[in-house]
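In what follows, chains carry the letters A, B, and so on, assigned in the order in which the sequence lines appear, proteins first and then strands, with residues in each chain numbered from 1. Everything numeric in this text was worked out from a predicted model, so none of it was measured.
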There are 2 protein chains.
Amino acid sequence: MEITTTAPILTKGRNPVEPEKLIRREPVDPSAFKRMIRQMGLKVTQQRMAILESLSAGRAHVTAQEVFEMVNAKYPEIGFATVYRFLRKMAEQSMVTEVRMGGLPARYELTPRRHHDHLTCVQCSQIVEFESPQIETLQEMVAKEHNFRLTHHVLELYGICPRCQTE
Amino acid sequence: MEITTTAPILTKGRNPVEPEKLIRREPVDPSAFKRMIRQMGLKVTQQRMAILESLSAGRAHVTAQEVFEMVNAKYPEIGFATVYRFLRKMAEQSMVTEVRMGGLPARYELTPRRHHDHLTCVQCSQIVEFESPQIETLQEMVAKEHNFRLTHHVLELYGICPRCQTE
DNA sequence: GAGTAACTGATAACGATTGTCAATTCAGTT
DNA sequence: AACTGAATTGACAATCGTTATCAGTTACTC
């Protein structure tokens, strides 16, 4: 593979922004990405840097395909297998969080500092994040009751968002 | 329907069996199945009767493939497309409940009278059912806060079961 | 019992994801 | 800076679970 030809890999442009789901993560400098990758015990490659770049710049809850397209727009030489592989590796190490809704393709987000769950509109797919420490606590209690050691959980609420209700 | 002579294509599924998750549903007589099917606005066919029969006799949380294999053992003429189609139709009408864990094949159970969620062992796949009205209530509150009209939810807890912890 | 729409089985097609493998690149070592 | 082994890559094939297609069959209304 070759990413030779042009300029530094990190040409700092801006990415198209979705109307409502705005960028909401703090800017991350390249050395932070490198640290992340090394922390996972992996080699720092240009493709992985590019993937992290796109992932952190774009909106949250993207599919692997969407990540691939973002990356591919900037670096057409990068193949989708690389994107899938890296996402999987990161998911294994909890560097990204995988959210699966029904039979739809998995969506990923860089694991947020604060844990949260999702409230999804079944009509327009809008995703609202929420936190409920009370629910978390109850979950722990349920696990304890059955003598399970809890590793993680999936809580997805589905409904109709305010806007879709009026239509 | 015609009894063909050719052997059916059996794509052998090899999912781990839950040793302790035994039959736990009350016996259902055929006329009840017929009623169920008619209630969905569908025609009563031998295949659908066979599928319901297997579904209610076997253990809970089975994959479509497993349902197919159960049905197929008794009625080799029934194709898997029929099983998938009927399961989907029943899921649409909430006659069966679909549970998806990670990227694994969907698992089905006849919709239980009482709503419950699942606690799954990440090592041996054992599934424990639990109810938590308190969590349900909190979910309603979260939805209300965001002005969503809740349609359903997915709550899956993952952990390590007591037995796997000792190993 | 006839008519018709619903249903069926076989098979092809599908989309998401994973495996394969030769070629390339990274990251330590001279 | 060049050397080297192992990790990584891109292209593509393969696999998975699931769905669509379609000609032939069946259940239900009259």
Side-chain angles (χ1 to χ4, degrees), chain A residues 1-5 9 33-35 37-38 40-52 62-69 71-72 75-92 96 98-108, chain B residues 1-15 30 33-35 37-52 62-69 71-72 75-93 96 98-108:
Chain A
M1 191 215 62
E2 271 192 356
I3 300 198
T4 57
T5 48
I9 286 296
F33 291 150
K34 288 187 183 168
R35 242 181 291 121
I37 297 173
R38 293 219 174 84
M40 289 188 274
L42 302 174
K43 288 188 175 176
V44 175
T45 65
Q46 307 185 67
Q47 343 349 39
R48 283 171 178 165
M49 291 298 283
I51 292 168
L52 278 177
V62 284
T63 64
Q65 269 303 325
E66 285 166 352
V67 176
F68 167 67
E69 281 159 29
V71 171
N72 196 258
Y75 311 100
E77 332 71 50
I78 297 181
F80 68 86
T82 303
V83 174
Y84 268 94
R85 269 187 298 234
F86 189 42
L87 283 174
R88 180 163 26 116
K89 273 236 158 77
M90 289 201 289
E92 276 166 18
V96 300
E98 207 182 75
V99 178
R100 299 197 186 242
M101 317 191 292
L104 300 168
R107 290 183 172 272
Y108 299 89
Chain B
M1 190 192 60
E2 190 197 322
I3 312 287
T4 56
T5 47
T6 44
I9 305 157
L10 260 195
T11 33
K12 252 301 170 237
R14 54 202 95 44
N15 298 60
F33 291 150
K34 288 186 184 169
R35 242 180 291 122
I37 297 172
R38 293 219 172 84
Q39 199 187 321
M40 290 188 273
L42 301 174
K43 288 187 176 177
V44 175
T45 65
Q46 306 181 58
Q47 321 27 12
R48 283 170 178 168
M49 290 299 283
I51 292 168
L52 278 177
V62 285
T63 64
Q65 270 301 324
E66 286 166 352
V67 175
F68 167 66
E69 281 160 28
V71 171
N72 197 259
Y75 310 98
E77 334 73 50
I78 297 181
F80 69 84
T82 305
V83 175
Y84 268 93
R85 267 187 300 235
F86 190 41
L87 283 174
R88 181 165 24 119
K89 273 236 157 78
M90 287 201 289
E92 277 166 18
Q93 313 237 0
V96 300
E98 210 184 5
V99 178
R100 298 195 188 241
M101 318 192 292
L104 301 167
R107 288 181 174 273
Y108 298 90

Take atom [atom1] of [X] and atom [atom2] of [N], then tell me their distance rounded to the nearest Å.
| X | N | atom1 | atom2 | answer |
| --- | --- | --- | --- | --- |
| A:I78 | D:dA11 | CD1 | P | 11 Å |
| A:F86 | C:dT17 | CZ | C1' | 18 Å |
| B:Q46 | D:dT25 | CD | C1' | 11 Å |
| B:E77 | D:dT25 | CD | P | 15 Å |
| B:F68 | C:dG9 | CZ | C1' | 10 Å |
| A:Y75 | C:dT24 | OH | C1' | 19 Å |
| A:K43 | C:dT24 | NZ | P | 16 Å |
| A:N72 | D:dT9 | CG | C1' | 14 Å |

Anything under 3.5 Å between a protein N or O and an N or O of nucleotides 18-20 of chain C, put it in a table, one pair a line.
{"unit_1": "C:dT18", "atom_1": "OP2", "unit_2": "A:R88", "atom_2": "NE", "d": "3.4"}
{"unit_1": "C:dT20", "atom_1": "O4", "unit_2": "A:R85", "atom_2": "NH1", "d": "3.4"}

If you assign A:P76 and B:E98 each to the DNA chain D nucleotide with the nearest heavy atom, which residue ends up on the more 5' nucleotide? A:P76
Considering every strand and a 4.0 Å limit on heavy-atom distances, what is the contact class for B:L104: base, sugar-phosphate, or nothing? nothing
Taking the side chain as everything from C-beta on, heavy atoms only, tell me whether B:M90 gets closer than 4.5 Å to B:L52. yes
Would you call A:R48 and A:K43 a side-chain contact if the rule is heavy atoms closer than 4.5 Å? yes
Output the distance between atom [atom1] ([X]) and atom [atom2] ([Y]), rounded to the nearest 0.5 Å.
| X | Y | atom1 | atom2 | result |
| --- | --- | --- | --- | --- |
| B:K89 | B:L42 | NZ | CG | 6.0 Å |
| B:N72 | B:F80 | CG | CZ | 11.0 Å |
| B:Q46 | B:T82 | CD | OG1 | 12.0 Å |
| B:I37 | B:M40 | CD1 | CE | 6.0 Å |

Would you say [N] has OP1 or OP2 under 4.0 Å from some side-chain N or O of [X]?
| X | N | answer |
| --- | --- | --- |
| A:T45 | D:dT9 | yes |
| B:Q47 | C:dG9 | yes |
| B:R48 | D:dA27 | no |

With side-chain contact (heavy atoms from CB on, under 4.5 Å) as the test, pick out the partner of A:F68 among A:I78, A:I51, A:T63, A:V83. A:V83
